[in-house]
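Working notes, beginning with the structure itself.
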2 protein chains.
Amino acid sequence: MMREATRTAGGGSRPDRPPGSAGEPEGSEETTADRLLVLAAELFRQKGYGLTTTRELASRLGIQKASLYHHMRGKEDLLFAISMESLRRITEAVTAARDSADADRRLHAMIMAHMETALRDQDMHTTMLIELRALSEERQKEVRAQRDAYQDLLRSVISDDQSAGRLRGDIGAEYLTLSLLNLLNWTIFWFTAGGERTIDELAAMMSTIFLDGARVRQP
Amino acid sequence: MMREATRTAGGGSRPDRPPGSAGEPEGSEETTADRLLVLAAELFRQKGYGLTTTRELASRLGIQKASLYHHMRGKEDLLFAISMESLRRITEAVTAARDSADADRRLHAMIMAHMETALRDQDMHTTMLIELRALSEERQKEVRAQRDAYQDLLRSVISDDQSAGRLRGDIGAEYLTLSLLNLLNWTIFWFTAGGERTIDELAAMMSTIFLDGARVRQP
DNA sequence: GTCTATACTTCGATAGAC
DNA sequence: GTCTATCGAAGTATAGAC
């Protein structure tokens, strides 16, 4: 899960999980490296990358500062690992949605998948989206490339839908895609799990507004 | 402009500008306090509040670190002043738009005003929106109250439009407002002045998508 | 894998002269 | 209003024992 950010993971000190298994095996212990990644995402979202200290990461994990460096190379590695993992997950989920729906339900399914993933991984996803600037230039490039690849996924479908006459053609696919991402992404700032609406309800609303608009149809 | 953040502004050491004058008087010198506020907004957006140093603020202004403290009480004051000023401006602009348009063009006019203000003050506005968490709790409360007041401005109009049958009623005014703000606000992350679209073109697109949706109308 | 101890850097902010 | 000089706190990261 955080291959790039640890010295040990994948290095053979623990038996590997079956490749392709999505979730944690039932009841298995969680590694400190994994807990660190999850905690870092939480703090990065809550306080910002720059104001999150390794001291707090350590104390919240119940270990000493120095012990952290057994599980990561440095603070920036955490941010990078979070960003890449978050993009990997949403790309995977939305690709699956694209491939399993009819043409006229495809975009709706992708919107649902996007929202479900982004809000379920809210800490990681938010961190990826707004703390990009804190990464080194090379790593920013790498994250940006992944992000662009993800957005192309949406754009190509939107573009197809335009060609097929399902979506309006007077606004370019580029800007239709940006608008859709606007609509979906900002939700990370105000969504709270357990609030008055479920993720699926919100996702359905967004899909409706994007596709049909807020205005009442003139007869 | 930054009354709350300086020791001197408004304190009588310089003649006050005529009250109510919006812009700078023609050719007048800009105070160091004003330059500091603008620069801080630029850096806060670019690097984040936590990673922006007073050292860089000073060096970019061409003065010594210590001299900064003649113009501000502390780094956090800058963030607070930026946030409040940004909200003051957008509230003013959108209120004016609300009051000067017919009922059936009102929301469109407010969308245009929102985008024009938010993107023209992109540094300040972005900082206000995403660095809120770095403020002290009391100041966060104050900013949040202003932000809520601004959002109520939009919501009350949206609610009216629903009652009048101009906007769909199957999604509550609360969520229609949140969706609209989603759509508009995320633009701050990708808009660049001088790009291929003007602010007004983008604003018009957003207005169209929000009101009419992306889907082609079925005959 | 965790510890104690600490090196080294950078931070925001202040003192006090001019 | 700006300067030189500096303080004390906090930051990331490392050394080396267990």
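The structure displayed is predicted, hence computed values, not measured ones. The basis for the numbers below is simple: all heavy atoms, side chains too, and nothing from hydrogens, waters or symmetry mates. Numbers restart at 1 for each chain; the letters A, B, ... are given by sequence-line order, proteins then strands.
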D:dC18 C1' sits how many Å from A:H70 NE2, rounded?
-> 14 Å

Send over the distance from B:L57 CG to D:dT2 P, rounded to a whole Å.
-> 14 Å

Can you sort out the partners of A:R106 under salt bridge (charged side-chain N to carboxylate O under 4.0 Å, His left out), two or more places apart, ordered by chain and number?
-> A:D161

Atom-to-atom span, NE2 of A:H71 to P of C:dG1 - whole angstrom | 6 Å

Rounded to whole angstroms, how far apart are CD on A:Q64 and C1' on D:dG16?
-> 15 Å

If you look only at pairs with a residue in residues 41-66 of chain A, which of them pass as a ring-ring contact (aromatic ring centres under 6.0 Å, His included), with sequence neighbours excluded?
-> A:F44-A:Y49

Students should find that the end-to-end axis angle of the helix from C:dG1-D:dC18 to C:dC18-D:dG1, with five pairs defining each axis and rounding to 10 degrees, is 10°

Across all chains, not counting sequence neighbours, the ring pair (Phe, Tyr, Trp, His ring centres under 6.0 Å) partners of A:F191 are none

Measure from the ring center of A:H114 to the ring center of A:Y150 and say whether it is less than 6.0 Å.
-> yes

Polar atom pairs (N or O), protein with nucleotides 6-13 of chain C, under 3.5 Å:
{"unit_1": "C:dT6", "atom_1": "O4", "unit_2": "A:K65", "atom_2": "NZ", "d": "3.3"}
{"unit_1": "C:dG12", "atom_1": "OP1", "unit_2": "B:T52", "atom_2": "O", "d": "3.2"}
{"unit_1": "C:dG12", "atom_1": "OP1", "unit_2": "B:T54", "atom_2": "N", "d": "3.4"}
{"unit_1": "C:dG12", "atom_1": "OP1", "unit_2": "B:K75", "atom_2": "NZ", "d": "3.1"}
{"unit_1": "C:dG12", "atom_1": "OP2", "unit_2": "B:T54", "atom_2": "N", "d": "2.9"}
{"unit_1": "C:dG12", "atom_1": "OP2", "unit_2": "B:T54", "atom_2": "OG1", "d": "2.8"}
{"unit_1": "C:dG12", "atom_1": "N7", "unit_2": "B:R55", "atom_2": "NH1", "d": "3.1"}
{"unit_1": "C:dA13", "atom_1": "OP2", "unit_2": "B:Y69", "atom_2": "OH", "d": "3.1"}
{"unit_1": "C:dA13", "atom_1": "OP2", "unit_2": "B:K75", "atom_2": "N", "d": "3.1"}

Kindly write out the residues that satisfy salt bridge (charged side-chain N to carboxylate O under 4.0 Å, His left out) with B:E56, not counting sequence neighbours, or none if the list is empty.
-> B:K47, B:R60

In short, salt bridge (Lys or Arg N to Asp or Glu O under 4.0 Å) pairs touching residues 192-207 of chain A with sequence neighbours left out are none

Should B:S67 be listed as having a side-chain N or O under 4.0 Å from OP1 or OP2 of D:dG1?
-> no

Only counting residues at least two apart or in another chain, list the ones meeting salt bridge (charged side-chain N to carboxylate O under 4.0 Å, His left out) with A:E116.
-> none

Hits for salt bridge (charged side-chain N to carboxylate O under 4.0 Å, His left out) against B:R88, two or more places apart or cross-chain, chain-then-number order -> B:E85, B:E92

Starting at atom CD1 of B:I63, determine the distance to atom P of D:dC3, rounded to an integer number of angstrom.
-> 7 Å

